[in-house]
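FYI, the numbering just counts along the sequence from 1.
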Amino acid sequence: MSFMASLDIGASALSAERTHLNVISMNLANANTTRTPEGGPYERKSVLFRATPLETPFGKAMQTELERELRGVKAQKVMFDNRPFKMVYDPAHPDANGEGYVKTPDINVVEEMANMLTAMRTYEANVASITNTKNMFNKALEIGRG
């Protein structure tokens, strides 16, 4: 695997995890939102990741056979979660129905925080991978200067 390919893989993961962290932050910020501009309560979102080939116009022409199987990751889509809304009894709430129940998002703060920790650790691991790749390249240059 080439130096640039390992950096591209790490960079793609950083971008995907940044999107993931943004979505988790939106979920946490809107955990109690009962009214959105579209109408109705906030709907929990999640990210769909997919493997993506490392292709740049120049890199595609220069790939070796072994590197053709290398993949990065991409946040393909931010999608709505299909969880049903929670019904909370609060007759004084302005969004309560005739029976006094309010539709609220089914967002578990503990689950979102666990997802955030996982995404942060994944981000940190990819930063470490990029840093190690840069360090190896620098050491190779030092050896070459000899």
Only distances under 3.5 Å count here; give the side-chain donor-acceptor pairs of residues 113-121 to other protein atoms, sequence neighbours excluded, each with its distance to 0.1 Å.
unit_1 : atom_1 : unit_2 : atom_2 : d
Asn115 : ND2    : Glu111 : O      : 3.4
Thr118 : OG1    : Ala114 : O      : 3.0

_Whether Ser129 side chain and Ala125 backbone form a donor-acceptor pair below 3.5 Å_ =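 Not at all, since once roles are kept as given, no pair shorter than 3.5 Å links the two residues.
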Under a 3.5 Å distance rule, please check whether Ser15 uses its side chain to pair with a backbone N or O of Ser12 as donor and acceptor.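 It does not hold such a pair.
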When rounded to the nearest 0.5 angstrom, what is the spacing between [atom1] in [X] and [atom2] in [Y]?
| X | Y | atom1 | atom2 | value |
| --- | --- | --- | --- | --- |
| Asp106 | Glu43 | CG | CD | 12.0 Å |
| Arg44 | Asn82 | CZ | CG | 11.0 Å |
| Asn132 | Ser6 | CG | OG | 10.0 Å |
| Thr36 | Asn30 | OG1 | CG | 9.0 Å |
| Asp8 | Thr52 | CG | OG1 | 11.0 Å |
| Leu14 | Thr19 | CG | OG1 | 11.0 Å |

Is atom [atom1] of [X] surrounded by more than 12 heavy atoms (other residues, nucleotides or ligands) closer than 6.0 Å?
| X | atom1 | value |
| --- | --- | --- |
| Phe85 | CZ | yes |
| Asn135 | CG | yes |
| Lys45 | NZ | yes |
| Glu99 | CD | no |

Within the structure provided, determine whether [X] and [Y] are in side-chain contact (heavy-atom separation under 4.5 Å).
| X | Y | value |
| --- | --- | --- |
| His93 | Thr34 | yes |
| Arg71 | Pro53 | yes |
| Ile130 | Leu7 | yes |

Exercise for the section: Specify the closest pair of heavy atoms between Lys86 and Pro105, including all atoms of both residues, with the distance to one decimal. Expected result: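 The answer is CE-O, 3.5 Å.
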Note to self: So which atom in Val47 and which in Ala75 form the shortest heavy-atom distance, rounded to 0.1 Å?
What the structure shows: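 Shortest heavy-atom contact: CG1-CB, 3.7 Å.
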Identify whether [X] and [Y] are in the same connected component of the hydrophobic contact network (ILVMFWY, side-chain heavy atoms under 4.5 Å).
| X | Y | answer |
| --- | --- | --- |
| Ile107 | Ile24 | no |
| Val102 | Val109 | no |
| Val78 | Phe49 | yes |

| task | Decide side-chain contact (heavy atoms from CB on, under 4.5 Å) for Met87 and Lys103; before the verdict, give the C-alpha distance in whole Å, the side-chain angles of both, and the deciding distance to 0.1 Å. | result | CA-CA 5 Å; Met87 299 300 286; Lys103 280 186 183 179; 3.4 Å; yes
Q: Go through the side-chain N and O atoms of Asn32 and Tyr42 and say whether any donor and acceptor fall under 3.5 Å apart.
A: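 No, no side-chain donor-acceptor pair sits under 3.5 Å.
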So, do Tyr123 and His20 have ring centers that fall under 6.0 Å from each other?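 Ring centroids of Tyr123 and His20 are no less than 6.0 Å from each other.
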